[in-house]
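To keep things clear, I will list the structure first and then write my remarks on it.
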Amino acid sequence: MGVTVIAYQHLPDDLATALTYGVSLAEHPDWKLGSPELCISARSQDDRWAWAVGHLGESLRGSCPFSYGNIIDFGERISTESDMTAFVVGPPSVIEAADRRIDVGGPGHEGHDIVHLVGMYPIHEAEGQYIRDQGLQSFWNLDRDLYDVTRQPAV
């Protein structure tokens, strides 16, 4: 079964938000407390952002842990509206912390099938290097709009 992308315009407000379904059906040795599904929110009408996350979910499920701080190189510009070529994984900021953990286990199997929603944030190549050198928290502390796919590099 492949990865499905569910995309919404104007959710929330002026953002386009997309979620995957299917990444969590794979297995990875780092997934001890649950498995991920990916979420992207961007200030854009271009569906390529959602499709890129779906493509990465499909091609990397089972081999990439999609852990906070992972930098995933897309290998080319994600969209013609931006020079960004990669994503960094972090907490999905448009979803409340309590809603990022979903128990999909059926009756009698509660707690056995846990899905964690993780955010996929488009970044510039220089920002990826900054995260590798300085860490994800240092990048989060920079002054930039995570949803603006047309922004200049923050570093």
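Predicted, not measured: the structure shown is a model, and the values here were computed from it.
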Following the transitive rule for hydrophobic clusters with a side-chain heavy-atom cut-off under 4.5 Å over Ile, Leu, Val, Met, Phe, Trp and Tyr, establish whether Val3 and Val89 coincide in one cluster.
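Shared cluster, yes.
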
Taking a hydrophobic cluster as the set of Ile, Leu, Val, Met, Phe, Trp and Tyr residues connected by side-chain heavy atoms closer than 4.5 Å, whether directly or through intermediates, do Trp49 and Val88 fall within one such cluster?
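Yes, because Trp49 and Val88 connect within a single hydrophobic cluster, where side-chain heavy atoms sit under 4.5 Å apart.
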
With sequence neighbours excluded, what pairs up with Arg100 under the salt bridge (Lys or Arg N to Asp or Glu O under 4.0 Å) test?
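By the salt bridge (Lys or Arg N to Asp or Glu O under 4.0 Å) rule, Arg100 matches no residue at all.
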
Any residue meeting salt bridge (Lys or Arg N to Asp or Glu O under 4.0 Å) with Asp145, in chain and number order, not counting sequence neighbours:
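For Asp145, the residues satisfying salt bridge (Lys or Arg N to Asp or Glu O under 4.0 Å) (neighbours in sequence not counted) are Arg43.
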
Which atom of [X] lies closest to which atom of [Y], heavy atoms considered:
X	Y	answer
Arg77	Glu81	NH2-N, 4.2 Å
Thr17	Cys39	CG2-SG, 4.1 Å
Arg101	Ile114	NH2-CD1, 3.3 Å
Val149	Ser44	CG2-CB, 4.0 Å

About how many Å separate [atom2] of [Y] and [atom1] of [X], when rounded to the nearest 0.5 Å?
X	Y	atom1	atom2	result
Arg144	Tyr121	CZ	OH	9.0 Å
Met84	Asp148	CE	CG	7.0 Å
Thr85	Ile123	OG1	CD1	7.5 Å
Asn70	Leu60	CG	CG	10.0 Å

Verify whether one side chain among Glu37 and Ser24 offers a donor that lies under 3.5 Å from an acceptor in the other.
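Their side chains do contain a donor-acceptor pair, which is all the 3.5 Å distance test asks for.
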
Do Val53 and Thr20 come close enough that some side-chain heavy atom pair is under 4.5 Å?
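Yes, close enough: below the 4.5 Å cut-off.
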
Taking the side chain as every heavy atom from C-beta outward, state whether Phe139 and Leu146 have any pair of such atoms under 4.5 Å apart.
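Side chain of Phe139 against side chain of Leu146, heavy atoms only: contact under 4.5 Å found.
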
Would Leu56 and Met120 count as a side-chain contact (heavy atoms from CB on, under 4.5 Å) if you check the C-alpha gap in whole Å, the side-chain angles of each, and the deciding distance to 0.1 Å?
CA-CA 10 Å; Leu56 291 173; Met120 298 287 284; 4.3 Å; yes

For a side-chain contact (heavy atoms from CB on, under 4.5 Å) check, start with the C-alpha distance between Asp14 and Tyr147, then their side-chain angles and the critical distance, and finish with the verdict.
CA-CA 10 Å; Asp14 66 338; Tyr147 308 115; over 6 Å; no

Is it the case that more than 12 heavy atoms not belonging to Glu125 sit under 6.0 Å from its CD atom?
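At most 12 heavy atoms, drawn from other residues, nucleotides or ligands, come within 6.0 Å of this atom.
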
In chain order, what residues pass the ring-ring contact (aromatic ring centres under 6.0 Å, His included) check against His28, with sequence neighbours excluded?
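Partners of His28 under the ring-ring contact (aromatic ring centres under 6.0 Å, His included) test: Trp31.
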
